[in-house]
Amino acid sequence: MIRLEGISKEYFMGDVEIRALDDIHLGVQRGEFLSIMGPSGSGKSTLLNVLGVLDQPSSGAYYLEDVDITRLRDKELAQIRNRHFGFIFQSYNLFPELSALENVMVPLMYAGKPRAERLKRAEELLNNVGMGHRLRHLPTQLSGGEQQRVAIARALANNPTLILADEPTGNLATDQGAEIMGILQKLNEQGTTIVIVTHDPGISTYGKRLVKLRDGAIVEDQAIAEIKKEA
Ligand SMILES: Nc1ncnc2c1ncn2[C@@H]1O[C@H](COP(=O)(O)OP(=O)(O)OP(=O)(O)O)[C@@H](O)[C@H]1O
Ligand SMILES: [Mg+2]
């Protein structure tokens, strides 16, 4: 589905060059559940943002279904993002003035769905993540785990082929985190491809494959089943 070839990303702070990603070669197949780990500053978020086309690499090629998309224009990239990807962040990133239901309706509006269909679909999505009883609540009236479930429902609104999650359990208590990972695991079993970034080794084992980064480079790439066998 996705192939990164020789992807690098540099930032310049005055004269100083920061190499956030250094010659990354990475393939993501349909149906995978990939966890990315590594120390703070190792390039995890940068890699996830490049994968999700939120950020452009400085060099290298990004193939999505065999098309190199690094040459496309912003408008085309935005279309790819809306059509293919769903994003989940550590801080939920819900619209604070909108209810749970309205938050999930936003991407459906951008996709041009009529209001009746938006309402029906948003309610269905919230039911699926166990939030059907909190449709009218504002984000501030929800717990962290509940807000993240709304964020997942919103990420799923346009049936993405790939879910990208940056520390989705980073702000949650262990049991709430396990619940969120259970939802992602179920989505993966139903066919959605998932890539998550996490600091937590326990969380990483919900995936099927683990990639470790250090100083912007991949230093390990292994199936979780293999890691468990070795342990
Ligand atoms: N906009 C930016 N300008 C300059 N440097 C940046 C920028 N964004 C990231 N960096 C640097 O790039 C490196 C990788 O950052 P990144 O956010 O990808 O790390 P991370 O692995 O996600 O860390 P954390 O676990 O703390 O979230 C870091 O050294 C960071 O300081
Ligand atoms: Mg990060």
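We count residues from 1, following the sequence as given. These numbers come from the heavy atoms of this one structure, side chains and all, not from hydrogens, waters or symmetry mates. Indexing begins at 1, ligand by ligand and atom by atom, following the structure's order.
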Exercise for review: Look at the aromatic rings of Phe89 and Phe87 and report parallel, tilted or perpendicular, splitting at 30° and 60°.
Suggested key: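 Judged by the thresholds at 30° and 60°, the geometry between Phe89 and Phe87 is parallel.
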Point to revise | side chain to side chain contact (heavy atoms under 4.5 Å, CB included) partner of Phe85, chosen from Ile163, Leu164, Leu51 | key: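 Looking at Ile163, Leu164, Leu51, the match for Phe85 under the side chain to side chain contact (heavy atoms under 4.5 Å, CB included) is Leu164.
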Closest approach of any protein heavy atom to [atom], naming residue and atom:
atom	value
atom 27 (O) of ligand 1	Ser45 OG, 4.0 Å
atom 26 (O) of ligand 1	Ser40 OG, 2.5 Å
atom 23 (O) of ligand 1	Gly41 N, 2.8 Å
atom 6 (C) of ligand 1	Tyr11 CD1, 3.3 Å
atom 12 (O) of ligand 1	Ala20 CB, 3.4 Å
atom 11 (C) of ligand 1	Ile18 CG2, 4.0 Å
atom 25 (O) of ligand 1	Lys44 NZ, 2.7 Å

Near [X], which atoms of ligand 1 are under 4.0 Å from a heavy atom of that residue?
X	answer
His199	25 (O)
Ser42	19 (O), 21 (O)
Met13	4 (C)
Thr46	14 (C), 15 (O), 16 (P), 18 (O)
Pro39	21 (O)

Practice item. Determine whether more than 12 heavy atoms belonging to other residues, nucleotides or ligands lie under 6.0 Å from atom NZ of Lys208. Key: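 Buried by this count: over 12 neighbours within 6.0 Å.
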Review point. More than 12 foreign heavy atoms under 6.0 Å from CG of Asp215: is that the case here?
Key: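 No, because the 6.0 Å sphere around CG of Asp215 holds 12 heavy atoms or fewer from other groups.
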**Study point:** Val104 side chain reached by Met131 side chain, heavy atoms, under 4.5 Å
**Key:**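 Contact flag for Met131/Val104 side chains = no.
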Check your understanding: Does some non-hydrogen atom of Gly43 fall short of 4.0 Å from ligand 1?
Key ->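 Contact present.
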Review point. Which distance, rounded to the nearest 0.5 Å, do you find between the OG of Ser204 and the CD1 of Ile36?
Key: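 Output value for this atom pair is 11.5 Å.
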**Study point:** Derivation of the salt bridge (charged side-chain N to carboxylate O under 4.0 Å, His left out) call for Glu226 and Lys229
**Key:** CA-CA 5 Å; Glu226 294 299 316; Lys229 222 182 285 169; 3.5 Å; yes
Point to revise | Protein contact for atom 30 (C) of ligand 1 (heavy atom, distance under 4.0 Å) | key: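 Under 4.0 Å from atom 30 (C) of ligand 1, zero protein heavy atoms found.
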Review point. Any donor and acceptor pair, going by atom type alone, linking the side chain of Ser143 with main-chain N or O of Glu146 inside 3.5 Å?
Key: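 The answer is yes, because a donor-acceptor pair under 3.5 Å joins these two groups.
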**Study point:** His84 backbone acceptor or donor facing Thr161 side chain under 3.5 Å
**Key:**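 Judged by distance alone, yes, a pair lies under 3.5 Å.
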Check your understanding: How far apart are the closest heavy atoms of Gly86 and Pro160, and which atoms are they?
Key ->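 That closest heavy-atom pairing would be N-CB, 3.5 Å.
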Exercise for review: Indicate if the distance from the Mg ion (ligand 2) to the nearest N, O or S atom of Thr46 falls below 2.8 Å.
Suggested key: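 Thr46 does not place any N, O or S atom closer than 2.8 Å to the Mg ion (ligand 2).
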